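Everything on this sheet refers to the single structure shown next.
If you're wondering where the values come from, they're calculated on a predicted model, not measured in any experiment.
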Amino acid sequence: MIKVYEEMIKSLEHMRSLAESFEKEILSLPPGSLSVSIQSSKQYYYHNYSADGKKQKRYLNPDSKYDQRLLKKLQRRRFLQKSLSVLKTDISALEQAIAKFVLYDPGRICTQLTSAYQDIQKDPGLWLPAEPDLRRWAKKSYTQYAGHPEGLIHETSTGLLVRSKSESMIADTLTLYGVPFRYEQVLIINGKSYAPDFTLHHPLNREIFYWEHFGKMDQPDYLLSAGAKIMDYRQAGIRTGTNFIMTFEDLQNPLTMREIQDVVTSRLLTR
């Protein structure tokens, strides 16, 4: 929904700018209008204008360069006048629409409910279901990483097999909060294949996000590989703080459900 609002604002700014430029150009063009008469299948153009309070009509000679330039300018003038009329109507309509537009924000709606309904916030499935097209996106077939299938040993609540208990916890939390995702969808960056743990649609702004869980940070080789991957992602425009989520753990510091929930609520349930 936020994209709809942003597009409305962008369109309004563009139309205002266009209308302003058209108005300025009209002032630079000669006044008057065109009329045409047809005789023996030939068109004869006339310039209609006012002089000394009287209506005048002058034939535009096709052999005169001045008259032909005047003809083009008068044609341009009429086009701009018609365009300006349409733009002003659209600007007025869009201004009214923007003034009445209320951005759909499920979380905000929840906070505005009376106390009898406040518990709804504890069950995101009641107020933040994935939209139908996003659910279809999640279920649609995609190219999934096919390497090391023997590592897919942890089952999520929906029957999806993943590679670690932490990934299972992440997947179940995304499902609980209605965030559509794809597991290990192949991503090509500069001709090289990657498979982010989770490719997901932000349920509010509908942008694509990537979530990588780095689960062996106490292993030096794994740490170096993770750093290289993060740099490659960065060069492809996948960056923390925008569209990239990272979580980490090692043997001494396992990922917790609380951490996962905090990430989901702060990064995926807000704009």
Side-chain angles (χ1 to χ4, degrees), residues 1-106 108 130-137 140 180 187-191 201-209 235-239 241-243 271:
M1 293 294 289
I2 192 170
K3 285 191 174 182
V4 173
Y5 183 77
E6 289 173 347
E7 285 300 321
M8 290 169 67
I9 295 295
K10 185 178 179 181
S11 295
L12 180 59
E13 292 174 349
H14 174 68
M15 286 190 289
R16 283 173 172 169
S17 176
L18 203 58
E20 183 179 354
S21 67
F22 283 179
E23 287 176 332
K24 289 181 179 179
E25 187 177 351
I26 287 174
L27 293 175
S28 71
L29 294 171
S33 61
L34 289 172
S35 60
V36 62
S37 65
I38 301 176
Q39 301 177 21
S40 302
S41 300
K42 292 188 64 177
Q43 291 183 323
Y44 297 88
Y45 290 94
Y46 297 86
H47 178 202
N48 306 300
Y49 61 99
S50 295
D52 299 326
K54 296 181 180 180
K55 293 183 178 180
Q56 304 289 334
K57 185 175 183 179
R58 189 177 74 82
Y59 173 64
L60 297 179
N61 188 341
D63 295 325
S64 167
K65 290 184 178 180
Y66 172 83
D67 282 357
Q68 290 308 298
R69 285 196 298 269
L70 179 58
L71 172 66
K72 298 300 182 185
K73 289 179 179 179
L74 292 171
Q75 289 174 332
R76 173 68 177 170
R77 180 186 180 88
R78 179 48 58 92
F79 167 79
L80 293 176
Q81 289 173 326
K82 289 289 187 181
S83 298
L84 196 55
S85 176
V86 173
L87 283 170
K88 286 182 176 180
T89 299
D90 289 348
I91 287 171
S92 177
L94 200 49
E95 286 174 338
Q96 294 179 47
I98 290 172
K100 296 179 180 179
F101 187 86
V102 177
L103 190 64
Y104 174 64
D105 186 336
R108 184 179 181 183
E131 296 182 30
D133 57 332
L134 296 187
R135 287 197 292 266
R136 287 193 293 269
W137 171 85
K140 190 176 180 180
L187 175 68
I188 305 298
I189 299 176
N190 296 327
H201 253 299
H202 194 297
L204 298 182
N205 63 31
R206 303 173 69 85
E207 295 179 356
I208 292 291
F209 273 59
Q235 291 178 1
I238 303 172
R239 303 184 178 191
T242 54
N243 58 351
R271 292 185 175 84

Qualifying residues under salt bridge (Lys or Arg N to Asp or Glu O under 4.0 Å), relative to Lys24, sequence neighbours excluded: Glu20
Is any side-chain heavy atom of Ile208 closer than 4.5 Å to a side-chain heavy atom of Trp137? yes
Which heavy atom of Arg77 sits nearest to which heavy atom of Pro30, and what is that distance? CD-O, 3.3 Å
Is any side-chain heavy atom of Ile91 closer than 4.5 Å to a side-chain heavy atom of Leu12? yes
When rounded to the nearest 0.5 angstrom, what distance separates CZ in Phe22 from NZ in Lys82? 14.5 Å
Without swapping roles, check the side chain of Ser17 against the backbone of Glu13 for a donor-acceptor pair under 3.5 Å. no
Arg78 side chain near Ser33 side chain, heavy-atom distance below 4.5 Å: yes
Separation of His47 NE2 from Leu70 CG (nearest 0.5 Å): 5.5 Å
Measure from the side-chain N and O atoms of Thr242 to the backbone N and O of Arg239, and report whether any donor-acceptor pair falls under 3.5 Å. yes
Answer yes or no: is there a donor N or O on one side and an acceptor on the other, between the side chain of Ser28 and the main chain of Glu25, under 3.5 Å? yes
Between CD of Glu7 and NZ of Lys10, what distance do you get to the nearest 0.5 Å? 5.5 Å
Should the pair Tyr59 and Tyr44 be assigned to parallel (<30°), tilted (30 to 60°) or perpendicular (>60°) ring geometry? tilted
Taking salt bridge (Lys or Arg N to Asp or Glu O under 4.0 Å) as the test, write out the residues that go with Lys88, two or more places apart. Glu23
Please name all residues satisfying ring-ring contact (aromatic ring centres under 6.0 Å, His included) with Phe209, sequence neighbours left out, ordered by chain then number. His202
Flag side-chain contact, heavy atom, 4.5 Å: Leu34 against Leu71: yes
Do any N or O atoms from the side chain of Ser21 and from the backbone of Leu18 form a donor-acceptor pair under 3.5 angstrom? yes
Return each pair, listed once, that meets salt bridge (Lys or Arg N to Asp or Glu O under 4.0 Å) where at least one residue sits in residues 89-99; pairs must be two or more places apart or across chains. Arg16-Glu95
Just list the side-chain donor-acceptor pairs under 3.5 Å for residues 49-58, sequence neighbours left out, or say none.
from	atom 1	to	atom 2	distance (Å)
Arg58	NH1	Asp67	OD1	3.3
Arg58	NH1	Asp67	OD2	3.4
Arg58	NH2	Asp67	OD1	2.8

Interatomic spacing from CD1 in Ile238 to CG in Leu187 - rounded to 0.5 Å: 5.0 Å
Calculate, to the nearest 0.5 Å, the distance between atoms OG and CZ belonging to Ser83 and Arg76 respectively. 7.5 Å
Looking only at non-hydrogen atoms, find the nearest pair between Ala236 and Ile189 and report the distance. CB-CG2, 3.7 Å
Calculate, to the nearest 0.5 Å, the distance between atoms CG and OG1 belonging to Leu94 and Thr89 respectively. 12.5 Å
My understanding is that only residues two or more places apart in sequence, or in another chain, count here; which of them pass side-chain contact (heavy atoms from CB on, under 4.5 Å) with Ile188? Val186, Ser193
Heavy-atom closest pair (Met8 atom, Ala97 atom, distance to 0.1 Å) is CE-CB, 3.8 Å
